[in-house]
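Remember, it's 1-based here, ligands and their atoms both numbered in the order they're listed. Quick note: residue numbers are just sequence positions, from 1.
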Amino acid sequence: MPPLTLRKDYFQTDAMALLIALLVASFVVVFKFFTNLSVATTVLYVTLVLMSANVFSVKLVICVALACLSVLTFIFIVERDYLNTEAVGAYVRCIVSLSAITFLALRSKQLADTLRRNETYLVGAQRLSQVGSVGFRVDRSEIFWSAETARIFEYSVKETPSMLKILARTHPDDRHLVESVFDQVSHHEPRLEVEHRLQMPDGRIKYIHMIAHPLPAQHNGFEYVGAVMDVTAARKSEDALFQSQSQLAHVTRVTSLGELAASIAHEVNQPLAAIRTSGEACHRWLDRSEPDLGEVRTSLDRMISSSNRASEVIRRIRTLSRNGDPERQRESFNEIVSDTLALVQYELSRNHVKLRVELAVIPVHVGADRVQLQQVILNLIINACQAMTEVDPRTRILKIRTWVHNDDAILEVRDCGTGITAEALPSLFNPFFTTKADGLGMGLSICRSIIEFHDGRIWATSNQGEGAVFSIALPALKGEC
Ligand code: ADP
């Protein structure tokens with residue numbers, strides 16, 4: 001980015017001012033003595049003042065004007081014009097008009113300087129903030145843009161902006177967004193806002209955000225003024241953050257699965273043992289002097305359904321351990337909860353935890369990434385089990401409830417563990433907060449980022465000595481199925 005500078009068109013030193021004033025004075029004296037055109041010299045004074053106002057600083061312009069007035073007075077005295085009434089009148093007229101013109105020239109110069117400075121500041125601020133300005137004149141289908149907007153769209157500043165040029169840079173998949181903005185412009189909408197991608201000729205993608213409002217009633221028609229922001233850097237860092245969050249979530253998910261290894265082994269072992277038992281039974285029915293084919297068939301059916309159960313467990317685990325970009329889909333809230341519970345049955349019984357489940361009677365759907373939501377529920381259940389290891393096994397009860405409240409699908413995981421202290425409560429969801437000797441403190445922080453990705457809320461409450469309650473609320477989707 002080239003450095004920003006204020007234009008310096010003026011000579012600033014007093015010595016230079018004096019020199020130029022003297023030069024001007026000598027030039028006019030010489031001109032006056034070698035020609036005898038009095039009108040021409042007056043015009044010359046005025047021209048000199050106006051020209052110097054264009055080129056020099058205010059101080060220099062005053063010097064030039066004073067030099068002209070001095071020369072005028074010098075000639076008036078030397079030529080003894082004061083003896084002639086007509087010449088006195090002409091001299092006074094000349095002095096007054098020269099002074100008035102100098103005053104006006106200085107005023108317009110100051111205004112032009114202020115305007116130029118403001119423009120330089122504006123261009124500088126636009127360049128630094130990467131925000132350009134844009135204007136639409138609706139009745140004449142005209143578009144204006146600032147140098148920064150031209151730079152964002154990667155057009156030369158000299159090129160005249162047009163709808164076609166904007167569309168030519170718009171990403172083909174986002175064209176409909178831009179076209180709908182042009183449509184809103186023609187309908188005089190009170191506010192325009194769009195975020196879309198640009199595709200540069202070399203294939204680079206940029207993200208821009210445009211906001212525009214109508215200008216207060218203009219005598220020359222309906223006009224919008226807006227800001228165009230280059231938000232590429234922000235979008236790219238959001239994407240990178242999203243990627244790292246999903247990778248972190250994957251790592252902790254696999255860690256949770258590791259913690260459930262015994263449970264998972266048990267879940268797979270059970271149907272395998274059932275298959276073996278049914279197989280042995282099959283042998284016995286076949287080894288009879290008169291094989292009982294009916295019983296054989298029943299045993300084979302049992303084997304098939306047990307192997308289905310085993311593959312179902314494997315499918316659940318494979319789904320949970322996969323690493324993919326989170327994708328929200330319409331999912332049954334209760335189904336996600338029961339699917340997760342199926343994975344932890346053995347873990348609960350191993351920890352002597354009694355499970356009470358109350359699922360919403362009315363089926364409720366949420367827009368969720370199934371795997372991520374299961375990860376949250378899994379994490380809350382594992383934490384609950386760990387919190388109950390220190391209490392009497394007879395009182396280890398885990399209650400899971402789902403219901404709908406104010407268009408939100410709510411899940412509550414309530415345990416009877418040690419509870420959460422008032423000091424720990426505000427930090428629970430902070431990364432690396434843990435009270436466990438071997439804890440990492442990332443579980444709840446990841447749960448929160450997952451729930452926020454789902455536009456939901458997660459919170460915890462504690463009844464000291466009576467356990468903890470973790471709740472999540474997700475926007476419920478409308479419609480039955
Ligand atoms: P970690 O389990 O590695 O400590 P988490 O982020 O899952 O990380 O949990 C952070 C902390 O929150 C835990 O160390 C514990 O102090 C507290 N906590 C979480 N769940 C419960 C619970 N059900 N009962 C009591 N405290 C809990």
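At a heavy-atom cutoff of 4.0 Å, ligand 1 is contacted by no atom of Leu380, backbone or side chain. For Phe470, every heavy-atom contact with ligand 1 shorter than 4.0 Å involves the side chain, none the backbone.
No hydrogens or angles considered: nothing links the side chains of Ser332 and Asn334 as a donor-acceptor pair under 3.5 Å. Looking at Thr340 and Gln375, their side chains never bring a donor and an acceptor atom within 3.5 Å of each other. In summary, the side chains of Glu193 and His209 do present a donor paired with an acceptor at a separation below 3.5 Å, with no hydrogens or angles considered. Looking at Gln126 and Ser146, their side chains do bring a donor and an acceptor atom within 3.5 Å of each other.
Less than 4.0 angstrom separates some heavy atom of Ile420 from each of these atoms of ligand 1: 25 (C), 26 (N). Within ligand 1, counting atoms from 1 as listed, the ones closer than 4.0 Å to a heavy atom of Leu440 are 3 (O). Against a heavy-atom cut-off of under 4.0 Å, Asn379 is close to the following atoms of ligand 1: 7 (O). Per-residue contacts place Gly439 under 4.0 angstrom from the following atoms of ligand 1 (heavy atoms of the residue considered): 3 (O).
The number of heavy atoms from other shown groups lying within 6.0 Å of NZ (Lys399) does not exceed 12. More than 12 heavy atoms of other residues, nucleotides or ligands shown are found within 6.0 angstrom of NE2 on His188.
Compare Ile446, Asn383, Asp415 by their heavy atoms: the one nearest to atom 19 (C) of ligand 1 is in Asn383.
The N/O atoms of Gln386, backbone and side chain alike, include none that comes under 3.5 Å of an N/O atom in ligand 1. Polar contact check, Ala387 against ligand 1: no nitrogen or oxygen pair lies under 3.5 Å apart. Any N or O atom pair closer than 3.5 Å counts here, and Lys436 shares at least one such pair with ligand 1.
Of all protein heavy atoms, the one lying nearest to atom 6 (O) of ligand 1 is Leu444 N, 2.7 Å. Among all non-hydrogen protein atoms, the one lying nearest atom 10 (C) of ligand 1 is Phe433 O, 3.2 Å. Closest to atom 4 (O) of ligand 1 among all protein heavy atoms lies Thr434 OG1, 2.6 Å. The nearest protein atom to atom 12 (O) of ligand 1, hydrogens excluded, is given as Leu428 CD2, 3.2 Å; this is a heavy-atom distance. Summary of contacts: the protein heavy atom closest to atom 14 (O) of ligand 1 is Thr435 N, 2.8 Å. The nearest protein atom to atom 1 (P) of ligand 1, hydrogens excluded, is given as Gly441 N, 3.6 Å; this is a heavy-atom distance.
Exactly one residue among Gln184, Glu189, Arg191 makes a side chain to side chain contact (heavy atoms under 4.5 Å, CB included) with Tyr224. That residue is Glu189.
Ring pair Phe242/Phe453: centre-to-centre distance below 6.0 Å.
The pair Arg309-Glu267 fails the salt-bridge criterion, with no side-chain N (NZ, NE, NH1 or NH2) lying under 4.0 Å from an Asp/Glu carboxylate O.
In this structure, Gly467 does not count as a contact residue of ligand 1, since none of its heavy atoms falls inside 4.0 Å of the ligand. Not a single heavy atom of Gly417 sits closer than 4.0 Å to an atom of ligand 1.
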(message) Before you tell me yes or no, could you show the steps for Leu411 and Val413 under side chain to side chain contact (heavy atoms under 4.5 Å, CB included), namely the whole-Å CA-CA distance, both residues' side-chain angles and the distance that decides it to 0.1 Å?
(response) CA-CA 7 Å; Leu411 165 75; Val413 178; 4.3 Å; yes
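Tyr155 is linked by a ring pair (Phe, Tyr, Trp, His ring centres under 6.0 Å) to Trp145, counting only residues two or more places apart in sequence or in another chain.
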